[in-house]
Amino acid sequence: MSVTTFGELILRLTTHDTLRFSQVTYLETNFGGVETNVAVLLNQLGDQVTLVTKLPENNIADIAINQLRGYEIDTSLIARGGDRMGLYFLQRGRGIRLISVTYDRAFSAFAPPQKSDYDWGLLFMKINYFYISGITPTLSNELAQTVLDSANIVICIRLKSFMMLIFVASFGPRKPQWHLTDRFCHTSIFVLPMMRILVLHLDSQLSN
């Protein structure tokens with residue numbers, strides 16, 4: 001099975017062990033993101049996977065790409081440009097204390113895409129499945145339109161060949177941000193009728 005995932009690859013900064021942010025003098029680094037994690041998992045299950053995203057031209061982004069290649073993820077279609085990667089800060093839970101996540105991804109390289117960043121016709125030539133999540137269209141109006149454009153192209157290609165469009169409706173910020181919710185709902189109205197596979201996930205902390 002050949003799969004392409006589209007979404008933001010972000011840098012994760014994590015507290016050591018179960019310490020709080022206020023108790024540490026350094027943070028452990030790793031890379032993640034919903035679509036990145038799915039890409040690695042599918043590769044480990046034996047699928048051929050391509051990750052499509054946009055990263056800045058710097059050493060940190062180069063390290064991220066090299067790690068993906070170590071998992072045999074196809075990175076050849078990653079766009080480069082912009083000034084920074086998106087970040088998130090993770091404080092691990094302990095006992096009844098929940099995990100704490102703080103995002104810093106506004107104005108990242110991925111958030112304001114250019115039309116020239118992604119050649120969807122080329123991207124979809126040899127794949128069977130295209131994976132996107134409900135998080136991506138909430139990041140900017142431009143990304144919401146990009147998700148709609150890519151979904152429409154998949155529908156056109158599907159008329160000629162076998163291709164599945166997978167949409168994971170998993171939007172649940174730790175603190176409600178209604179302008180993001182509105183953007184997600186607006187995109188979903190158009191995207192959901194195109195889906196062949198829909199996965200719905202409700203964040204249990206949405207109401208906290």
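Every residue meeting the side chain to side chain contact (heavy atoms under 4.5 Å, CB included) condition with D74, not counting sequence neighbours, appears here in chain and number order: T50, S76. With sequence neighbours excluded, the residues satisfying side chain to side chain contact (heavy atoms under 4.5 Å, CB included) with E57 are R80. Residues that satisfy the salt bridge (charged side-chain N to carboxylate O under 4.0 Å, His left out) test with R84, not counting sequence neighbours, are D104. Looking at residues two or more places apart in sequence or on another chain, you find a side chain to side chain donor-acceptor pair (under 3.5 Å) between S108 and E8. Scored by the side chain to side chain contact (heavy atoms under 4.5 Å, CB included) test, Q67 finds N30, F31, I63 as partners (sequence neighbours excluded). The ring-ring contact (aromatic ring centres under 6.0 Å, His included) test applied to F89 returns no partner, not counting sequence neighbours. With sequence neighbours excluded, the residues forming a side chain to side chain donor-acceptor pair (under 3.5 Å) with Q145 are D149, listed by chain and number. Among residues two or more places apart in sequence or in another chain, the side chain to side chain donor-acceptor pair (under 3.5 Å) test is passed with T75 by R69. Partners of R20 under the side chain to side chain contact (heavy atoms under 4.5 Å, CB included) rule, at least two apart in sequence or in another chain, are S22, Q23, Q91, R97.
Applying the salt bridge (Lys or Arg N to Asp or Glu O under 4.0 Å) test to every pair with at least one member in residues 128-137, sequence neighbours left out, gives no pairs at all. Within the structure, every pair that satisfies the ring pair (Phe, Tyr, Trp, His ring centres under 6.0 Å) test and touches residues 2-29, not counting sequence neighbours, is listed here: F6-F110, F6-Y118, F6-W120. For residues 26-48, the pairs satisfying salt bridge (Lys or Arg N to Asp or Glu O under 4.0 Å) are E28-R92, with sequence neighbours left out.
Annotation for E72: atom CD does not count as buried by contact number, only 12 or fewer foreign heavy atoms lying within 6.0 Å. Enclosure of atom CG in D83 is not indicated, since only 12 or fewer non-hydrogen atoms of other residues, nucleotides or ligands lie within 6.0 angstrom. Around the OH atom of Y71, the shell of radius 6.0 Å holds no more than 12 heavy atoms that belong to other residues, nucleotides or ligands.
Under the 4.5 Å side-chain criterion, counting only non-hydrogen atoms from C-beta, N128 is not in contact with V3. Side-chain atoms of L68 and L51, non-hydrogen and from C-beta on, do get closer than 4.5 Å to each other. With contacts defined as side-chain heavy-atom distances shorter than 4.5 Å, the pair L143/P137 does not qualify. Side-chain contact between Y129 and S2 is absent, with no heavy-atom pair separated by less than 4.5 Å. Annotation: side chain of L87 is not in contact with side chain of I10 (no heavy-atom distance under 4.5 Å).
Each of I99, T102, L13 was scored for a side chain to side chain contact (heavy atoms under 4.5 Å, CB included) with L90, with one residue passing: I99.
To the nearest 0.5 Å, the span separating CG on N37 from CG on L41 amounts to 8.5 Å.
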*So T15 and L27, side-chain contact (heavy atoms from CB on, under 4.5 Å) or not? Walk me through it.*
CA-CA 5 Å; T15 56; L27 296 170; 3.9 Å; yes

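Residues R12 and T14 approach most closely at NE-OG1, 3.3 Å, considering heavy atoms.
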